[in-house]
Amino acid sequence: MKLIRKTFKKNNLTKDSYDDIRSKTSNLNIVILFFSVLMLVYLGYKDMGRIYRDNLNEIEVKLKDTSNNINNVMDYSIKSLNLLEQVLRDNHAFSSEYIELFNSFEYNSKTNQYYYPVDDKVSISGLGNPENLSDSLKSDLITAMLLTPYFEITKINLPSIQWIYFVSNQNFINLYPPVEAKDYLFVSSTLEEDFYSLTLPDINPTRSLVTTNIYTDQVGAGLMVTLSKPVYNKNTYLGALSLDYTLTQLEDIIKSNALDYTMFILVNDSQEVVAYNNNDQVSEIFYLNDLVKEMNVNSETLFKTTQKDGFQVIDKHLIKVEEISNLPWKLISIRKMSSIYFDVIKGQVFFYLLLLSLLFTISVYFKKLKIDSIIYNNNLKFKQVFDQTVQLMAVLDTKGNILSINQTALKMVGKESFELIGKPFSESPWWNWSENMIQFINDAIDQANHGEQIKEDVIHYDTEDNKHFVEFSMNPIYNKKGQIEYLAANGKDITDRIKLRDSIEHLSKIDMLTNLMNRRGIMEIINTEVSRFNRTGGVFSLILCDVDFFKKVNDTYGHNVGDEVLKALSQCMVQLVRAHDKVGRWGGEEFLIILPNTNYEKAMELSHRIRLALKEIQLESLNQPTLTHITLTFGVTEYNSKYDISTIIKQADDALYYGKNHGRDQVVGYRDLQ
């Protein structure tokens, strides 16, 4: 097109000659369109295969992630049981120092049940009269009671556990978390449950870990499965250690990787459905066949599919299996092949739109050729004024098409006038980077056509992708009859003014004394870290510190010395933290440090290092011989998405003031106060 116009001007071709050239160019474009359509069909065919592979890959990744999550939980559960077994073996001995514990046992003579109450709840309970217990049974009870703190730690590390407990062969249980006595006390039928009976020496001579089928919890937690491990003291069977998971808890793990149109099913070796991602509430035990019969899928064929088989198509469904390590469980993914085909077809919409775009482009191109003949006869009365002004200026017709445009505007987008004249102003390179801008320009054109004058600050990107702020205006131009004949668009570059405003905004976030961020600035960074945490996970911690006895420094040496102390502390803190850590003045003599990608333990270590380093700051330059050193007290906490940021900051503040009230010059972690 550019070559045609140059030739038309240089050789002063007639209108007929110009139309002849345009006709030949049109025929060439038809040929180009035909080959473009063929290319689109070829690319569409290739893209169908890519979409199909992407679907398989997505299922495989999600299935693997889910199985890894289950494996991680179960592996840690098994390790916890092994650790608890070791604790039982290492502490299995009677100690007279605990004998007074048995004076606190309560006994129900009607049911012949005893229990040890703690805070109105029961963990230890059993059969018999506590006054008549043998030394051997007392030894077992004491050992079981020593398990309770380990149970607590295990529950913290595995919050998805419903119950953790030890059932002794001497007719008692230690259950955690504790329950009301009315809800559960040990009964003899407990020893008939699979979580205990499957660990007995005659049934489980290899002393291996056992996994129960689904059953209903005695304490009322609903349907669950149990991992149990027999406990021996040398060759003497002591009982069973068990971890309970409700089916709802296991389904939460599966639902965390939910995938549209795909069902993930966790089954045991009895083909019981332990969990699946499309279930809202677990209320009864059902089997794999019950779940898949409505899909017309053969459950036996499905169950026999193994991890080694890879993806299988069974009864018009795509199947893949992951084995759960160390447990007789399988995680099966099922998706209808028809839903995959639908995704493939849906993915081709882009190519249909591209084809329509090609047709539309040719149509616009023909229209553009027609307009070209008008360009050379266009009224250029505003050209001189346009080219002399430093502002962007353009004259539009009432439909919003460009009639004339000045050199300033052309230089901003690196275009020639013939490339823009005749095109809609809203679709020109100033605005087409944003749909919102296109809509704004169209609205401005519509308002100007109704006699209104529009003025607004907008954004423009130049040819080097530099961002400019432009004061834009649109005004109607009237003819002698008082009718709107043209529209005038004007743009003034106000980037320097905006930058000055932003600089002032930046200064409003800086503490003028210490040159650190003030509370407003530090809160923006905290909110940024919270947003990053919500998007990508990870971790970050906060340190809140306060200068000890700072009022005494001000009262003794004056506020000028106090200010110099704060500046010295600020400079030292910035040098002590990492480049991506942020230090801010929270207020007065308080400082807040943000530690991205830092957990609680690392934050505690860093706080100790900062405390010791600040304590050694040399203050000779202040010319105050009696002011030798300054100490600070620190409060540390780690961000937890369960709480809002004000609560997290209060946690650090609570830890800080605990340290203030217990001696100062120390580091206190909020977690350690719990």
Exercise for the section: Say whether Ser531 and Asn527, considering side chains only, have a donor N or O and an acceptor N or O under 3.5 Å apart. Expected result: no

Practice task
Would you give the length of the straight line joining atom OG1 of Thr212 to atom CG of Leu227, rounded to the nearest 0.5 angstrom?
Solution key: 8.0 Å

Handout entry: Heavy-atom donor-acceptor pair, Ser125 side chain to Phe186 backbone, under 3.5 Å
Key = yes

Handout entry: Under 3.5 Å: donor-acceptor pair, side chain of Thr305, backbone of Thr301
Key = yes

Exercise for the section: Kindly indicate whether a cation-pi arrangement holds for Arg89 with Tyr232, taking the cut-offs as under 6.0 Å to the six-membered ring centre and within 45° of the axis. Expected result: no

Practice task
For the pair Asp654 and Lys650, find out whether any cationic side-chain nitrogen is under 4.0 Å from an anionic carboxylate oxygen.
Solution key: yes

Exercise for the section: Taking the side chain as every heavy atom from C-beta outward, state whether Thr598 and Leu606 have any pair of such atoms under 4.5 Å apart. Expected result: no

Exercise for the section: List for me each residue that meets salt bridge (Lys or Arg N to Asp or Glu O under 4.0 Å) alongside Asp581, sequence neighbours excluded, and say none if there are none. Expected result: Arg578

Problem - Asp217-Tyr184 side chain donor-acceptor pair, cut-off 3.5 Å - result: no

Practice task
Indicate whether the side chain of Gln439 and that of Asp443 have a donor and an acceptor atom separated by less than 3.5 Å.
Solution key: yes

Handout entry: Flag for Asp644-Thr647: side-chain donor and acceptor within less than 3.5 Å
Key = yes

Fill in the blank from the handout: Only residue of Phe166, Trp163, Tyr165 satisfying ring pair (Phe, Tyr, Trp, His ring centres under 6.0 Å) with Phe195 is Tyr165

Problem - Rounded distance [0.5 Å steps], CD1 in Ile285 versus CG in Asn213 - result: 8.5 Å

Problem - Short N-O contact, Glu638 and Arg671, less than 4.0 angstrom - result: yes

Exercise for the section: Output yes when Glu152 and Lys155 qualify as a salt bridge under the 4.0 Å nitrogen-oxygen rule, no when they do not. Expected result: no

Practice task
Check Val636 against Ser607 and note the closest heavy-atom contact, atom names and distance.
Solution key: CG2-OG, 3.2 Å

Exercise for the section: Answer yes or no: is there a side-chain heavy-atom contact under 4.5 Å between Tyr276 and Leu266? Expected result: no

Exercise for the section: Examine the side chains of Gln249 and Thr246 and answer whether a donor and an acceptor come within less than 3.5 Å of each other. Expected result: yes

Handout entry: More than 12 heavy atoms from other groups under 6.0 Å of CZ on Phe311
Key = yes

Handout entry: Close side-chain approach of Lys330 to Glu322, heavy-atom, < 4.5 Å
Key = no

Practice task
Can you establish whether the number of heavy atoms outside Asn534 located under 6.0 Å from its atom CG is more than 12?
Solution key: yes

Exercise for the section: Measure across Ala181 and Leu185 and return the closest heavy-atom pair with its distance rounded to 0.1 Å. Expected result: O-CG, 3.6 Å

Problem - Side-chain donor or acceptor of Thr637 paired with backbone N/O of Tyr670 under 3.5 Å - result: no

Practice task
Report yes if some heavy atom in the side chain of Leu158 is under 4.5 Å from a heavy atom in the side chain of Val73; otherwise report no.
Solution key: yes

Exercise for the section: State whether a side-chain donor-acceptor pair under 3.5 Å links Gln170 with Asp140. Expected result: yes

Handout entry: Exercise: do Asp315 and Asn298 side chains pair donor with acceptor under 3.5 Å
Key = no

Problem - Distance-only polar pair, side chains of Thr226 and Tyr245, donor-acceptor under 3.5 Å - result: no

Completion exercise
Rounded to the nearest 0.5 Å, the CG atom of Asn289 sits from the CG atom of Leu302 at a distance of 10.0 Å

Problem - 4.5 Å side-chain heavy-atom contact, Ile319 and Ile332 - result: yes

Handout entry: Any side-chain heavy-atom pair of Glu323 and Thr306 under 4.5 Å
Key = yes

Exercise for the section: Verify whether one side chain among Ser80 and Asn82 offers a donor that lies under 3.5 Å from an acceptor in the other. Expected result: no

Practice task
Examine the side chains of Ser123 and Asn174 and answer whether a donor and an acceptor come within less than 3.5 Å of each other.
Solution key: yes

Practice task
Taking Asn68 for its side chain and Lys64 for its backbone only, find out whether a donor-acceptor pair lies under 3.5 Å.
Solution key: yes

Exercise for the section: Could you tell me the separation between the OG1 atom of Thr66 and the NZ atom of Lys255, rounded to the nearest 0.5 Å? Expected result: 13.0 Å

Handout entry: Min side-chain heavy-atom separation Ile593-Val577 under 4.5 Å
Key = yes

Exercise for the section: Could you check whether the rings of Tyr639 and Phe540 sit parallel, tilted or perpendicular, using 30° and 60° as the cut-offs? Expected result: parallel

Problem - Heavy-atom side-chain contact between Asn268 and Thr211 under 4.5 Å - result: no

Handout entry: Spacing of Tyr237 atom OH and Asp202 atom CG [to the nearest 0.5 Å]
Key = 9.5 Å

Exercise for the section: Please identify each residue that fulfils salt bridge (Lys or Arg N to Asp or Glu O under 4.0 Å) with Lys121, with sequence neighbours left out. Expected result: none

